[in-house]
Amino acid sequence: MVDTDSVPGDPERGREPDIAMWGASGSGKTAFLAALSVALNRSGSPGWRLIGENAVSRTELAKLRDTLLQARTFPAPTEALTHYSWVILGPAAAARRRWWWPWTERVERAPKFNLDFLDLRGDLYAESEANIDKQALVDSLVKSRGLIYVFDPDREARVGDAFKHLDAALHDVAGRMLVGDEYEDGKLPHYIAVCITKYDDPRVLRIAMEGGFTQRDPHDELRIPRVPEDRVRDFFRRLCREARDHNSEMILDLLEAFFHEDRIKFFVTSAVGVFIDEDLGRFDPDDPVNVIDDANGGLTIRGAVRPLNVMEPVIWLGRMLRPGAMRSGRWHG
Ligand SMILES: Nc1nc2c(ncn2[C@@H]2O[C@H](COP(=O)(O)OP(=O)(O)OP(=O)(O)O)[C@@H](O)[C@H]2O)c(=O)[nH]1
Ligand SMILES: [Mg+2]
């Protein structure tokens, strides 16, 4: 029997495992990354930072953030495969004294997660033949142990191709990981954060509010309607039912067939957040739209950028994957 608690996150490389991201074309992957540093700054719990590990990643991070905050619009569709190496640093816990060594204080290590993201165009799986970028996506899904799966309810209602993409990508990953004997339980070893994007979109908000999925957080002065944690899975199922493609109803089953149920967590996210009228000082259900058309046929972010649930999935994955916390399917204690 192997003591799983002593197994580091990624034994082969002796470092924290990577987090990979995927989702259909235009589902909001790059906007999510752009919102991440804004979200960490706004988190209300000071001390969280997102840092580029190399010059390219630092420049890209600044560019993404400026697009949202200065240009007040969204990043352009991803054309070339971009590799980001970022580190999230959290605040160190207060120093502690040990009872057997009371005259010295032990400084707790600050939480630190590596984010090795590959940002790809999401239409890869629209092409049936193999290509280099698709290969890179599958490699990154296989190598990672944390996944951010981006699900765009707006696209599902209009185009409805998430099932096709997910099914194809999962079968490619399973073909590489599950055919051998390594994962005896027949499931992929990843933790997966299923992120429903564009919650601020009026249609998505309406389904949440009229479907009775939302609640008000009594501590939130802005009175933004939230989907409580224990309702998000049901909300996801509902959005899949509203999709254009009837196969979308199978997305949840597909996820639960490939991943351990206790390693899947659902999040309702928005890169820009809902509109808050600063004079009113709170959310107005009759005036929620935060993304409007501009004169040049593009989009403008109308009010403040207040990302919703963007850092939460990343920090959840970081916590699940930190050395010692992960239970790989390869070991059975
Ligand atoms: N309302 C709203 N729209 C969003 C949000 N995030 C993204 N969008 C819209 O979705 C579009 C696509 O977002 P991207 O982040 O570029 O999507 P992507 O998944 O990176 O797309 P590809 O790189 O083309 O695969 C944006 O241009 C916005 O119009 C959001 O939080 N709210
Ligand atoms: Mg993109």
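Order of listing sets the numbers, starting from 1, for every ligand and every atom in it.
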May I have the angle between T30 OG1 and T78 OG1 with its vertex at the Mg ion (ligand 2), rounded to 10°?
90°

the protein heavy atom lying closest to atom 29 (O) of ligand 1 turns out to be L299 CD1, 2.9 Å

Any nitrogen or oxygen of F32, side chain or backbone, less than 3.5 Å from one on ligand 1?
no

For ligand 1, which atoms sit closer than 4.0 Å to a heavy atom of A24?
19 (O)

The atoms of ligand 1 lying under 4.0 Å from a heavy atom of S27, numbered in the order shown, are 17 (O), 18 (P), 19 (O)

For atom 16 (O) of ligand 1, grab the closest protein heavy atom and report residue, atom and distance to one decimal in Å.
P75 O, 4.0 Å

For ligand 1, does V291 get within less than 4.0 Å through its side chain, its backbone, both, or neither, judged by non-hydrogen atoms?
side chain

Do the side chains of K198 and D152 get close enough for a salt bridge, i.e. N-O under 4.0 angstrom?
yes

Look at atom 20 (O) of ligand 1 and say which protein heavy atom is nearest, naming residue and atom and giving the distance to 0.1 Å.
T30 OG1, 2.8 Å

Tell me, which protein residue and heavy-atom name are nearest atom 32 (N) of ligand 1, and how many Å apart are they?
D200 OD1, 2.7 Å

May I ask whether V310 and W316 are part of the same hydrophobic cluster, defined by side-chain heavy atoms of I, L, V, M, F, W, Y residues being less than 4.5 angstrom apart, directly or through others?
yes

Report the relative orientation of the aromatic rings in F266 and F236; use parallel for angles under 30°, tilted for 30 to 60°, perpendicular for over 60°.
tilted

What protein heavy atom is closest to atom 19 (O) of ligand 1, reported as residue, atom name and distance in Å?
K29 NZ, 2.8 Å

Counting only heavy atoms, tell me which of R155, K198, M21 gets closest to atom 11 (C) of ligand 1.
K198

Verify the neighbour count for atom CZ of R216: are there more than 12 heavy atoms of other residues, nucleotides or ligands below 6.0 Å?
no

Between R282 and D277, does any NZ, NE, NH1 or NH2 come within less than 4.0 Å of an OD or OE carboxylate oxygen?
no

Write out the residue and atom name of the closest protein heavy atom to atom 25 (O) of ligand 1, then the distance separating them to 0.1 Å.
G122 N, 2.6 Å

Which ligand 1 atoms, with their elements, are less than 4.0 angstrom from a heavy-atom of A31?
6 (N), 7 (C), 15 (O)

Can a salt bridge be assigned to the pair E156 and K164 using a cut-off of 4.0 Å between side-chain N and carboxylate O?
no

Identify the closest protein heavy atom to atom 31 (O) of ligand 1: which residue and atom is it, and at what distance?
A271 N, 2.8 Å

I'd like to check which ligand 1 atoms, numbered from 1 as shown, lie under 4.0 Å from a non-hydrogen atom of V272.
31 (O), 32 (N)

According to the interplanar angle, ranging from 0 to 90°, do the rings of F235 and F213 count as parallel (below 30°), tilted (30 to 60°) or perpendicular (above 60°)?
tilted

Look at the aromatic rings of Y149 and W22 and report parallel, tilted or perpendicular, splitting at 30° and 60°.
tilted

Which residue holds the protein heavy atom closest to atom 22 (P) of ligand 1, what is that atom called, and what is the gap in Å?
G26 N, 3.6 Å

Do I251 and V194 come within less than 4.5 Å of each other through their side chains, counting heavy atoms only?
no

Relative to the heavy atoms of S270, which atoms of ligand 1 are at a distance of less than 4.0 Å?
31 (O)

Does the N or O separation between D201 and ligand 1 drop below 3.5 Å for any pair?
no

Answer yes or no on whether R223 is positioned over the face of F283, meaning its NZ or CZ is under 6.0 Å from the six-membered ring centre and within 45° of the axis.
no

Taking NZ, NE, NH1 and NH2 as the nitrogens, is one of them in R302 or D287 under 4.0 Å from a carboxylate oxygen of the other?
yes

